[in-house]
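Heads up, the thing below is written out as structure tokens.
To find a chain, count down the sequence lines: A is the first, B the second, and so on, and within it residues start at 1. Treat the numbers as computed from the prediction; the structure is a model and nothing was measured.
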Amino acid sequence: MDFTLLHTDPNSNARAGFITTDHGTIETPIFMPVGTVASVKAVHFHELKEDIKAQIILGNTYHLYLRPGLEVLEQAGGLHKFNGWDRPILTDSGGYQVFSLSANRKLKEEGAYFRSHIDGSKHLFTPENVVDIQRVIGADIMMAFDECPPGNAPYDYAKKSLALTHQWLKRGVKHFDETDGKYGYSQTFFPIVQGCVYTDLRKQSAEFVASLGREGNAIGGLAVGEPTHTMYEMIEVVNEILPQDKPRYLMGVGTPQNILEAIERGVDMFDCVMPTRNGRNGMLFTSEGIMNMRNEKWKNDFSPLDINGTSYVDQAYTKAYLRHLFISKELLAMQIASIHNLAFYLWLVGEARKQIMQGTFAAWKKEMVVRLGRRL
RNA sequence: GGGCAGUUACCAAAGUGGCCAACUGGGGCUGACUGUAACUCAGCUGUCUUUCGACUUCGGAGGUUCGAAUCCUUCACUGCCCA
């Protein structure tokens, strides 16, 4: 993997560049659709490529390990072969599941013992075997196994958790460097900054992560319940320390506004379930604001979904029709909303990139953030 | 013509003297969702009120009772059965 920085905005820390992998190039800043179980929910790869223009998607170690399981993935020849997506894939390590499925797990120094949410069976994830699993999956970018504490974690807990995450990082890096990919193309390993909402812990973590000298670095443990302005502060603190010449990945974030704010602060990569999950639940993100498609006000609105929208669904379907589909619980509603939202997210980061290249990012972002927050 | 059963909020359907503005579904309205256990979850759904609370309701009318959706009388309507 390689990162090339093309341009930095004169009025902010925003940057434009590209990442090259053995499965193709990724233009940054980028948004990566989430495909947890080897599928971006409700969306075909054809749409993902042609209409949404996704350049890289996510998979999830925890979910793929449980189902279909390593045997199937290895026999298939890796995840790219298994699901047919021939562009880059990034896999999350399962650290987030240690957070979101916290009732079913126990953390120890050696790793995380957990029970499967599918059948209750017992398993252990360690920094080492999570690397091994991601070798089998064959992700172009694999993530370190970390602990992602909640946004309201007290200082003492955050400190202890960070020590554990750093120890796991060390072991993960070592194991990654001692092993090879299985399918003939190169893989890379991103460590993750933690430290909750505490500036000193975030600084300490960013310094530790930077010292590992990896090809890219991630910021985790944000948008997990803390105030938004705190999240922005933490991004600033961390990005001051993380190397300029390596991509920075803000994990799990976020709303369109969050993404622009983070780009302004020097983040290059994003992923979030919001465009797909909220889309399935009836919410549309547009350049003019957000719409709840179940609202009665769209009942007789026969205008196109989004006149500024770049995907075919924006012109092909009306608001009244999409509302009808949601009210009727038709599956097509979720497909249309997912395609629209993902296309919008990809348009947003693509436009941000264009503005950075032109040197007009700051002014454009300032205006966009106001519009994006409106409720239509 | 006779017998039996029934009539509760938008729909369906509990409740058979005070804990009932009334269980529960559905429908409707609104909100939430940030490295996906999520086609999920939450609130509201008689009127007025921000809340507390007040007021009017359980086919119609009248009655019994301190108190009625619940008991009695009567009228209307619906369904089933027998002629």
Side-chain angles (χ1 to χ4, degrees), chain A residues 31-43 56-64 66-67 89-105 114-120 130 134 139 141-151 165 190-194 218-228 231 235 249-259 261-262 267 269-285 290-299 323 325-338 341 345 375:
Chain A
F31 178 80
M32 308 181 281
V34 178
T36 305
V37 291
S39 149
V40 177
K41 295 185 195 297
V43 178
I56 170 173
I57 64 172
L58 251 69
N60 185 280
T61 302
Y62 167 87
H63 290 277
L64 293 171
L66 290 179
R67 201 162 52 190
I89 294 175
L90 180 151
T91 44
D92 181 33
S93 62
Y96 187 77
Q97 279 63 43
V98 168
F99 158 70
S100 67
L101 304 172
S102 57
N104 297 326
R105 54 77 169 159
F114 63 93
R115 282 182 179 278
S116 160
H117 71 279
I118 298 167
D119 61 7
V130 162
Q134 292 179 99
I141 301 172
M142 68 170 77
M143 300 306 300
F145 189 56
D146 63 340
E147 190 200 349
C148 176
T165 287
F190 280 20
I192 305 169
V193 173
Q194 288 288 350
I219 307 168
L222 291 175
V224 286
E226 79 286 0
T228 308
M231 169 168 80
I235 295 169
Y249 164 30
L250 178 58
M251 305 184 75
V253 175
T255 66
Q257 299 100 302
N258 291 162
I259 288 175
E261 294 291 352
V267 174
M269 302 165 70
F270 301 89
D271 79 282
C272 191
V273 303
M274 207 173 253
T276 41
R277 180 193 287 166
N278 289 28
R280 290 196 304 283
N281 291 333
M283 184 173 179
L284 251 54
F285 297 92
I290 58 176
M291 294 191 281
N292 182 345
M293 292 317 297
R294 293 193 319 254
N295 283 175
E296 194 171 27
K297 59 186 157 203
W298 311 120
K299 196 171 189 170
R323 173 179 192 273
L325 294 178
F326 269 113
I327 295 291
S328 307
K329 298 183 165 61
E330 280 295 315
L331 295 175
L332 181 59
M334 290 179 263
Q335 298 179 35
I336 292 172
S338 298
N341 281 346
Y345 266 62
R375 190 172 280 274

Between B:rU34, B:rC33, B:rU36, which nucleotide gets closest to the side-chain atoms of A:D92?
B:rU36
Tell me what A:G95 touches on the nucleic acid: a base, only sugar-phosphate, or nothing, going by heavy atoms under 4.0 Å.
nothing
Looking at CZ of A:R277 and CG of A:N341, how far apart are the two atoms once the value is rounded to the nearest 0.5 Å?
13.5 Å
Go along nucleotides 26-32 of chain B 5' to 3' and tag each nucleotide: B for a protein heavy atom under 4.0 Å from its base, S when only backbone or sugar atoms are that close, - otherwise.
-SSSBBB
Please round to the nearest 0.5 Å and tell me the distance separating atom CG of A:L64 and atom OG1 of A:T91.
8.0 Å
Rounded to the nearest Å, what distance is computed from the CE atom of residue A:M293 to the C1' atom of nucleotide B:rC39?
16 Å
May I ask you to evaluate whether A:T276 reaches the phosphate of B:rU36, defined as a side-chain N or O under 4.0 Å from OP1 or OP2?
no
If you measure from the C1' atom in B:rA38 to the same atom in B:rU47, how many Å do you get, rounded?
38 Å
B:rG63 to B:rG1 separation - C1' atoms, rounded to the nearest Å:
31 Å
With C1' as the reference atom in both, quote the distance from B:rU70 to B:rU16 in angstrom, rounded to an integer.
5 Å
Please identify each residue that fulfils ring-ring contact (aromatic ring centres under 6.0 Å, His included) with A:F326, with sequence neighbours left out.
none
Walking RNA chain B from its 5' end, the first of A:T255 and A:L331 to be reached, judged by nearest nucleotide, is A:T255
Between B:rG17 and B:rA12, how many Å separate the two C1' atoms, rounded to a whole number?
27 Å
So what does A:Q194 touch, heavy atoms closer than 4.0 Å: a base, only the sugar-phosphate, or nothing?
base
Below the 4.0 Å mark, does B:rU34 have OP1 or OP2 next to a side-chain nitrogen or oxygen of A:R277?
yes
Side chains of A:Q194 and A:T165: any donor to acceptor distance under 3.5 Å?
no
How far, in whole Å, is B:rC10 from B:rG60 if one measures between their P atoms?
14 Å
To the nearest Å, how far apart are A:L101 CG and B:rU36 C1'?
10 Å
Tell me every residue that passes side-chain hydrogen bond (donor to acceptor under 3.5 Å, both in side chains) with A:Y345, counting only those two or more places apart in sequence or in another chain.
none
Give A:Q97 one of three labels, base, sugar-phosphate or nothing, depending on what nucleic acid heavy atoms sit under 4.0 Å from its own.
sugar-phosphate
Only one of A:I141, A:I57, A:I56 clears side chain to side chain contact (heavy atoms under 4.5 Å, CB included) with A:M32; which?
A:I56
Euclidean distance, atom CG of residue A:N341 to atom P of B:rU36 [Å, nearest integer]:
17 Å
Short side-chain to backbone donor-acceptor contact, A:D146 and A:C148, under 3.5 Å:
no
Taking for A:Y96 and for A:M334 the nucleotide of RNA chain B with the nearest heavy atom, the one nearer the 5' end belongs to A:Y96
For A:Y62, which residues count as a side-chain hydrogen bond (donor to acceptor under 3.5 Å, both in side chains) partner, sequence neighbours excluded?
A:H117
So, is A:N60 near the phosphate of B:rU36, with a side-chain N or O under 4.0 Å from OP1 or OP2?
yes
In this structure, CE of A:M293 is separated from CG of A:L284 (nearest 0.5 Å) by 6.0 Å
Considering residues, nucleotides and ligands other than A:K297, do more than 12 of their heavy atoms fall under 6.0 Å from its NZ?
yes
Considering only the P atoms, how many Å lie between B:rU8 and B:rA61, rounded to the nearest integer?
16 Å
Write down the distance between CZ (A:R280) and P (B:rC39), rounded to a whole number of angstrom.
5 Å
Check the distance between B:rG35's P and A:I259's CD1 and give it to me in whole angstrom.
11 Å
Using the P atom in both, what is the distance from B:rA83 to B:rU74, to the nearest Å?
28 Å
Using the test side-chain hydrogen bond (donor to acceptor under 3.5 Å, both in side chains), find all partners of A:D92 that sit at least two apart in sequence or belong to another chain.
none
Once you apply a heavy-atom cut-off of 4.0 Å, does A:S116 come out as touching a base, just sugar-phosphate, or nothing?
nothing
Looking for any heavy atom pair under 4.0 Å, which part of the strands does A:L58 touch: base, sugar-phosphate only, or nothing?
sugar-phosphate
For A:S93 versus A:M143, what's the shortest heavy-atom pair and its separation?
CB-O, 3.3 Å
Between B:rA21 and B:rA54, how far is it from one C1' atom to the other, in whole Å?
13 Å
Provide, to the nearest angstrom, the distance between the CZ atom belonging to A:F114 and the P atom belonging to B:rA37.
13 Å
Could you state the atom-to-atom distance from CE of A:M274 to P of B:rG35 in whole Å?
8 Å
So what does A:D146 hit on the nucleic acid, given a heavy-atom distance under 4.0 Å: a base, only sugar-phosphate, or nothing?
base
Would you write out the dot-bracket form of RNA chain B, 5' to 3', with Watson-Crick and G-U pairs under 3.5 Å, [ ] for crossing pairs, | for pairs to other strands and . for unpaired bases?
((((((((.[[[..)..(.....]]]((((((.......))))))(((....)))...[[[[[..)....]]]]]))))))).
For the pair made of CG in A:L250 and C1' in B:rG35, what is the distance, rounded to whole Å?
9 Å
